[in-house]
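Here, residue 1 is the first one in the sequence, and each next residue gets the next number.
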Amino acid sequence: QVHLVESGGGLVQAGGSLRLSCAASGRTFSSYAMGWFRQAPGKEREYVGAINPSGGMSYYADSVKGRFTISRDNAKNEVYLQMNSLKPEDTSVYYCARRGGGPYYSLIRSYDYWGQGTQVTVSS
């Protein structure tokens, strides 16, 4: 069983920054790609970005490209989402997830374990 716990959410003004963390249990963290998703009220969960197992490659949705950065520390079993230039439309619950397999990083069904989420609210 894998447990993922997000932290770092909160309220921030537009243009501000937040850094989310996701701590993972288990000894195989470094073998898996990790993803970040978000879900706003009344909307479907959407892909934010992902990072490969080594941390050498990261991928982003167009909506956050150039503003968000994903990194990981395999020694600490943690993955991070640095969010800069935040906009009110970034307001969502943010989830980290472990990619169990599948052809695309952006597909929700490619991920087998999920955290409980952390709320990010961006005020205008």
Side-chain angles (χ1 to χ4, degrees):
Q1 189 74 2
V2 174
H3 293 284
L4 303 174
V5 180
E6 302 96 336
S7 61
L11 174 65
V12 63
Q13 288 188 333
S17 298
L18 277 177
R19 187 190 193 216
L20 305 184
S21 299
C22 173
S25 66
R27 292 181 289 181
T28 60
F29 177 77
S30 61
S31 299
Y32 292 88
M34 298 294 294
W36 285 96
F37 290 77
R38 65 187 182 185
Q39 188 167 18
K43 295 188 176 181
E44 294 186 351
R45 191 167 298 190
E46 67 172 1
Y47 169 75
V48 173
I51 189 166
N52 72 342
S54 70
M57 293 292 293
S58 54
Y59 313 90
Y60 302 93
D62 288 343
S63 58
V64 306
K65 200 172 293 182
R67 300 187 299 121
F68 290 12
T69 303
I70 298 173
S71 60
R72 66 191 295 164
D73 186 335
N74 286 341
K76 295 183 177 180
N77 278 18
E78 294 185 347
V79 61
Y80 311 102
L81 178 64
Q82 177 67 44
M83 305 184 292
N84 299 329
S85 302
L86 282 160
K87 306 174 181 180
E89 51 263 42
D90 294 318
T91 295
S92 286
V93 177
Y94 283 73
Y95 300 89
C96 69
R98 190 187 81 167
R99 181 169 178 262
Y104 301 110
Y105 279 94
S106 59
L107 291 179
I108 289 177
R109 66 175 181 265
S110 294
Y111 294 81
D112 54 2
Y113 289 97
W114 294 78
Q116 83 289 347
T118 186
Q119 176 71 47
V120 171
T121 303
V122 184
S123 63
S124 57

Connected via hydrophobic side-chain network under 4.5 Å: [X] and [Y]:
X	Y	result
M83	V12	yes
Y94	M34	yes
L11	L18	no

*Apply side chain to side chain contact (heavy atoms under 4.5 Å, CB included) to Q116 and E6, showing your working.*
CA-CA 7 Å; Q116 83 289 347; E6 302 96 336; 3.0 Å; yes
*Is any side-chain heavy atom of Y111 closer than 4.5 Å to a side-chain heavy atom of Y105?*
yes
*So do Y113 and Q1 actually touch side chain to side chain, heavy atoms under 4.5 Å?*
yes
Nearest atoms (heavy-atom pairs only) where [X] meets [Y]:
X	Y	value
A14	S124	CB-CA, 4.3 Å
R38	S63	NH2-OG, 3.6 Å
I70	L81	CG1-CD1, 3.6 Å
W36	L20	CH2-CB, 3.8 Å
G115	Y95	O-CD2, 3.5 Å
S30	P53	O-CB, 3.3 Å

*Is there a side-chain hydrogen bond (donor to acceptor under 3.5 Å, both in side chains) between Y80 and Q82 once you walk through the steps?*
CA-CA 6 Å; Y80 311 102; Q82 177 67 44; over 6 Å; no
*Going by the angle between their ring planes, with limits at 30° and 60°, are F37 and Y47 parallel, tilted or perpendicular?*
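If you compare the ring of F37 with that of Y47, the planes turn out perpendicular.
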*Could you walk me through whether Y32 and R99 pass side-chain hydrogen bond (donor to acceptor under 3.5 Å, both in side chains), step by step?*
CA-CA 6 Å; Y32 292 88; R99 181 169 178 262; over 6 Å; no
*Roughly how far, to the nearest 0.5 Å, is CZ of F29 from CD of E78?*
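The CZ atom of F29 is 8.0 Å from CD of E78, to the nearest 0.5 Å.
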*Would you call K87 and D90 a salt bridge, taking side-chain N to carboxylate O under 4.0 Å as the test?*
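Here K87 does not pair with D90 in a salt bridge, since their nearest N and O are not under 4.0 Å apart.
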_Identified side-chain contact (heavy atoms from CB on, under 4.5 Å) counterpart of R72 within the set N52, N77, V79_ =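 It is V79; the other options fail the test.
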*Under the criterion side-chain contact (heavy atoms from CB on, under 4.5 Å), which of L4, V2, I108 is the partner of W114?*
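Only one of L4, V2, I108 forms a side-chain contact (heavy atoms from CB on, under 4.5 Å) with W114, namely I108.
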*T91 (side chain) donor-acceptor with V122 (main chain) under 3.5 angstrom*: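 Checking the backbone N and O of V122 against the side chain of T91, a donor-acceptor pair under 3.5 Å is found.
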*Can you check whether Y104's main-chain N or O pairs, donor with acceptor, with S110's side chain at less than 3.5 Å?*
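Flag set: sc S110 to bb Y104 pair under 3.5 Å.
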